[in-house]
Amino acid sequence: MDRYDPAEIEAKWQQVWKEEQSFVVVNPADAAAADRSRKSYVLEMLPYPSGTLHMGHVKNYTMGDVIARFRARNGFTVFHPMGYDAFGLPAENAAIKTGLRPAELTRINTDNINQQLHRLGVSIDWSRELATCDPGYYKWTQYFFLRLFERGLAYRKEASVNWCPSCATVLANEQVVQGSCERCGSTVEPRSLAQWFFRITEYAEQLLKDFELLESWPERVITMQRNWIGRSEGAEVIFRVADLEIDIPVFTTRPDTLFGATFFLLAPEHELVGTLVDGTEYENPVRDYVTSARLKPLVDRAVADRDKTGEFTGRYAINPVNGESIPIYVSDYVLMEYGTGAIMAVPAHDQRDFEFARKFGIDVRVVVSGEGAGAGDGPALDAAFEEEGLMVNSGRFDGMPNREAGSAITEWLSVEHLGRAAVSYRLRDWLVSRQRYWGAPIPVVYCEKCGVVPVPKSELPVLLPEVEDYAPRGKSPIATNEEFVNTTCPACGGAARRETDTMDTFVDSSWYFLRYTDPHNDEAAFDRDAAGYWMPVDQYIGGVEHAILHLMYARFFTKVLHDLGMIDFREPFKNLFTQGMIYYQGAKMSKSKGNVVNPDEHVERYGADTLRLYILFVGPPELDVEWQDQGIEGSFRFLGRVWRLVNEIVEKTGAAPAAADFRGAGDGAAALLRKTHQTIAKVSADIGERFRFNTAISAVMELVNETYLAKDSLLADEQGAAVMRFVAGSVVKLLDPFSPHICAELWQRLGHERLWQEPWPQADAAYLEEETYELVVQVNGKVRDRLRMPASAGREELLAAARASGRAARYTAGKQVVKEVIVPGRLVNLVVR
RNA sequence: GCCGAAGUGGCGGAACUGGCAGACGCGCCGGACUCAAAAUCCGGUGGGGCUCACCCCCCGUGUGGGUUCGAUUCCCACCUUCGGCACCA
């Protein structure tokens, strides 16, 4: 018997798969009419090509491959493409360091990853490979930008935005974590800049509602998105500024507390602040306050337990429900980006307002009174009362439950044209401009005469020009390329300047799954029927770190494309699986912590089959797991064990077929057959239904262990040998999705061809049933005996056997049996007193 | 502070619908093979007690309570760890 040599076997089969194009699928000739019931689109999040793949990728792509191979063997036409999220800052930063052009560097990295994926033996349709930095791809990213622009969904606006000083670019809200840049960790600064946004807020309601179209998504991902979108129901109420003919609307979720409003607040950025104070004695202090608030880092401003600050404007607002004049202040705890940037403040029922009122000596008026609440009056309160209760001090609404009163007040406001029911979202529009080089140029020009003019479709792509220096200077490096910048206006033919910002790379990855369906199309981003045939993605797999970012942007894009009439579905990913992270030495594997385990070294040392097997065996795929250096050794040993077992069977039984019917086989053979069918059933369910690859693998290990023990006696006779061949074939088939190379090889040695085209084994119910089982006999819930019983035994028989048990009798002697619990197939519990 | 996930041997982890806790793997211990070692094959391995000959008994799934004949599993309270959100009116 030759030794198990993974390097040789893996190269051999990878070559076969490449030559035969084993995993290439073609679009149906008439995609619109084709039967879609047996197609399955299995997709893993595309990698960002930063050098090489890490263990997280290996886990991601192995999981996807197990599902892809499993479905293919179960009769599905599996669509399993791959590409590269190739634009982005790291390539550019590395280019600045190494002097290589980002395009070159990216090419090197994608080639490298392509090779790594081949070496892992992932069953990918390589004919559809794409990179988002190819002009043939980003042409369509730019095209979508223009379609959004046409619809008013892409717009340019001057706003206070998040600026990362270290990346020297602006960031979307989603890319700011706790006031810091998601990528580099620097503290983000506010800056007022004119930037391009996508109007994702327009889709806030759809993004929430369409969760119901999803088949299976992790609940926590849905929750995270729901929280991020942050829908609040309430009312918009109009307050008039006394002495000035100005109306200021506010948004509140508590219209029931309107009678308790004792002051009014504007965000420092509110456009009316100047109007209120200009020319008054309050102008200077208020302007000073606004200036300092604007300079404050966003992190500092977002801290909840910070002392409340503010400035009185000298103006008063009139409360529409009771005509009272309440003072207007400016305070930085009011955010311009949320609601209307102005609020009515009800200190008795909002903790933040309460703190402000106490500091500034403003009245606190209770209008909702409930149990445990300071039913007492304002001065007695030591905290805001935010619970439910009955209305007081609220005119004709007194005595009503506050929830009811909220609706009644909103209704009344609406009749009087002083307000209306309203919904507000926490979600902000998606800021897509970036002042960096390595991205898709935003396809617009600025003309002195015509203003903002979109580049016509026929002139796409707007090619990313070469530049001398990629270093970020607060402006896109492209801005230095005069040849690029200076152009003519597509509308009037006059002189114009190109936009020099590039798009956020999350735009690129918001539609790549559609491009795979028709990757070489020059006429369109994709063919409608091809996309309609393959989409939506049946199983999407990736890291939970994209719960909000990529997954929400891709959902948004899909909805826009639906509304543009380009596709018929509104959700891109029907089922989502989020994998856990890999820990090592107690911490997340990361370059900065220096605790990375390099997959290449392990492929070299043990082979891809072992690495794939181990990474899924180490624990449940959705949980974070700990990488153990010695653990992988065990997986390698196991594959060696399988190798020797199957080879020995081949050597000793020759090419004799595995007999189909083993009825009448000896006891040992029958037991092993039963185990085999049980294993087939378990592995099928674990992969197909539960995604529990670790237990599927351990089930195969059990079968292999039992086979080793039965081996010598079974190989002694002909029928036993036939059983052994059947078992060997089953082991190889069951293990194939995890470790496809060794299985392909062993399958060939068993006298067959192309394991990856074999149908998945089916468990025969006739073998699953055990004839006897071990009945547990309990006394008062404690196990006292185990009896072998026929599977057919009835309740009476089980009870009689339990009562006859001598061991159990020791605990029932002299006592009275007050209850008998009989669970056929499991146990009998005698309850004694 | 709010929301979510998790807590089981020396370690990674099993236990599907409330029914034998610790599958499988790692590590460790012992045996076989070998001049020897590696590799391989076989066996043992939660803790404690015992007339420790493997009979047998007790304890044991983060902590404390509860429901139940029976709880790793369900309920309540708490502790710890990780993730998300956090002045969003």
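Per chain, numbering begins at 1; letters A, B, ... match sequence-line order.
- Note on A:Asp353: nothing from the nucleic acid sits closer than 4.0 angstrom, heavy atoms only.
- One finds no salt bridge joining A:Arg254 and A:Glu386 here, because no Lys/Arg side-chain nitrogen approaches an Asp/Glu carboxylate oxygen to under 4.0 Å.
- Rounded to an integer number of Å, the gap from CD of A:Glu702 to C1' of B:A14 is 10 Å.
- In this pair, A:Phe691 and A:Phe693 present their aromatic rings parallel. The plane angle is below 30°, not in the 30 to 60° band.
- Which of B:G84, B:C24, B:G19 sits closest to the side chain of A:Phe617 comes down to B:C24.
- Of the side-chain N and O atoms in A:Arg641, none sit less than 4.0 angstrom from OP1 or OP2 of B:C24.
- Ranking B:C20, B:G25, B:C42 by closeness to the A:Arg786 side chain, first place goes to B:C20.
- Of the C1' atoms belonging to B:C42 and B:U17, the separation is 38 Å, rounded to the nearest Å.
- A:Arg3 has no carboxylate O lying under 4.0 Å from a charged side-chain N of A:Asp5, or vice versa, which leaves the two without a salt bridge.
- With values rounded to the nearest 0.5 angstrom, A:Asn162 atom CG is found 11.0 Å from A:Ser180 atom OG.
- Side-chain contact between A:Val346 and A:Leu258 is absent, with no heavy-atom pair separated by less than 4.5 Å.
- Within the nucleic acid shown, A:Gln630 comes within 4.0 Å of sugar-phosphate atoms alone, with no base atom in reach, counting heavy atoms only.
- At the phosphate of B:C24, neither OP1 nor OP2 sits under 4.0 Å from any side-chain N or O atom of A:Lys682.
- Close to B:U68, at under 4.0 Å from its OP1 or OP2, lies no side-chain N or O of A:Asn829.
- Comparing the same atom, C1', in B:C29 and in B:C69 gives a spacing of 41 Å after rounding to whole Å.
- Taking the C1' atom of each, B:G13 and B:A6 are spaced 14 Å apart, rounded to whole Å.
- Contacts of A:Phe264 with the nucleic acid, taken as non-hydrogen atoms under 4.0 Å apart, are absent.
- The side chain of A:Ser635 contributes no N or O atom lying less than 4.0 Å from OP1 or OP2 of B:G25.
- Here B:A5 is the nucleotide among B:C26, B:G19, B:A5 with the atom lying nearest to any side-chain atom of A:Leu623.
- Within 4.0 Å of A:Arg226, counting heavy atoms only, lies no atom of the nucleic acid at all.
- When distances are taken from the side chain of A:Arg810 to each of B:G27, B:C59, B:C57, the shortest belongs to B:C57.
- Summarising the base pairing, B:C85 is matched to B:G1 through a Watson-Crick or G-U wobble pair whose two defining distances lie under 3.5 Å.
- Here the straight-line distance linking atom NE2 of A:His602 with atom CH2 of A:Trp627 works out to 4.5 Å at 0.5 Å rounding.
- For A:Met701, the listed nucleotide lying nearest its side chain is B:C24; candidates were B:G70, B:C85, B:C24.
- If you check B:C85, B:A89, B:C24 against the side chain of A:Val177, the one that comes closest is B:C85.
- Across all strands, A:Leu709 comes closer than 4.0 Å only to sugar-phosphate atoms, never to a base (heavy-atom distances).
- Put simply, CD1 on A:Ile697 is 13 Å from P on B:C26, counting in whole angstrom units.
- Between A:Gly781 and A:Asn227, the residue anchored nearer the 5' end of RNA chain B, judged by the nucleotide with its closest heavy atom, is A:Asn227.
- Looking at heavy-atom distances under 4.0 Å, A:Val334 makes contact with a base.
- Between B:A39 and A:Arg637, no contact under 4.0 Å exists linking OP1 or OP2 to a side-chain N or O.
- Here the separation of B:A15 from B:G84, taken at their P atoms, is 27 Å to the nearest Å.
- Checking the phosphate oxygens (OP1, OP2) of B:A14, a side-chain nitrogen or oxygen of A:Arg692 falls inside 4.0 Å.
- In this structure, the nucleotide among B:C82, B:C20, B:C69 sitting nearest to the side chain of A:Tyr583 is B:C82.
- Cation-pi geometry between A:Arg555 and A:Phe211 is satisfied (NZ or CZ under 6.0 Å from the ring centre, within 45° of the ring normal).
- Closest contact between the side chain of A:Arg220 and the listed nucleotides B:G4, B:C85, B:C82 involves B:G4.
- Looking at the side chain of A:Asn694, the nearest of the listed nucleotides B:G84, B:A14, B:C58 is B:A14.
- Spacing between atom CD of A:Glu633 and atom P of B:G25 amounts to 15 Å, rounded to whole angstrom units.
- Contact annotation for A:Glu774: base contact, defined as any heavy-atom pair under 4.0 Å involving a base atom.
- B:G64 has its base anti relative to the sugar, with a glycosidic angle deviating from 0 by more than 90°.
- Across all strands shown, B:U17 remains unpaired; no Watson-Crick or G-U wobble contact has both distances below 3.5 Å.
- Across all strands shown, A:Gly634 has heavy atoms under 4.0 Å from sugar-phosphate atoms exclusively, and none from any base.
- Using Watson-Crick or G-U wobble geometry with both donor-acceptor distances under 3.5 Å, B:G60 finds no partner in any strand shown.
- By the 30° and 60° cut-offs, the orientation of the rings of A:Tyr333 relative to A:Phe356 is tilted.
- Pair assignment for B:U45: B:G27, on the basis of Watson-Crick or G-U wobble contacts that are both within less than 3.5 Å.
- Between the CG atom of A:Leu775 and the P atom of B:G19 there is a distance of 16 Å, given to the nearest Å.
- Each of A:Tyr708 and A:Gln778 was matched to the nucleotide of RNA chain B holding its nearest heavy atom; the match closer to the 5' end belongs to A:Gln778.
- At whole-Å resolution of the value, CG in A:Leu335 and P in B:A86 are 11 Å apart.
- In this structure, B:C33 forms no base pair with any nucleotide, since neither Watson-Crick nor G-U wobble geometry is met with both distances under 3.5 Å.
- B:U73 and B:U67 are spaced 14 Å apart, taking the C1' atom of each and rounding to whole Å.
- The residue A:Val821 sits close to a base: some heavy atom pair falls under 4.0 Å.
- Residue A:Val783 places its side chain closer to B:C20 than to any other of B:A23, B:A89, B:C20.
- Look at A:Tyr811 and you'll find a side-chain N or O under 4.0 angstrom from OP1 or OP2 of B:C57.
- For B:U67, there is no paired nucleotide, since no Watson-Crick or G-U wobble pair has both relevant distances below 3.5 Å.
- Residue A:Ser698 holds its OG atom at 6.5 Å from NZ of A:Lys682, rounded to the nearest 0.5 Å.
- We find that A:Glu622 and A:Arg692 are joined by a salt bridge, their nearest charged nitrogen and carboxylate oxygen being less than 4.0 Å apart.
- Summarising the geometry, the separation between CD1 on A:Ile548 and P on B:C3 is reported as 17 Å, rounded to the nearest angstrom.
- Rounded to whole angstrom, the span from the CZ atom of A:Phe636 across to the P atom of B:A39 amounts to 12 Å.
- Look at CD on A:Glu689: it is 12 Å from P on B:U17, rounded to the nearest Å.
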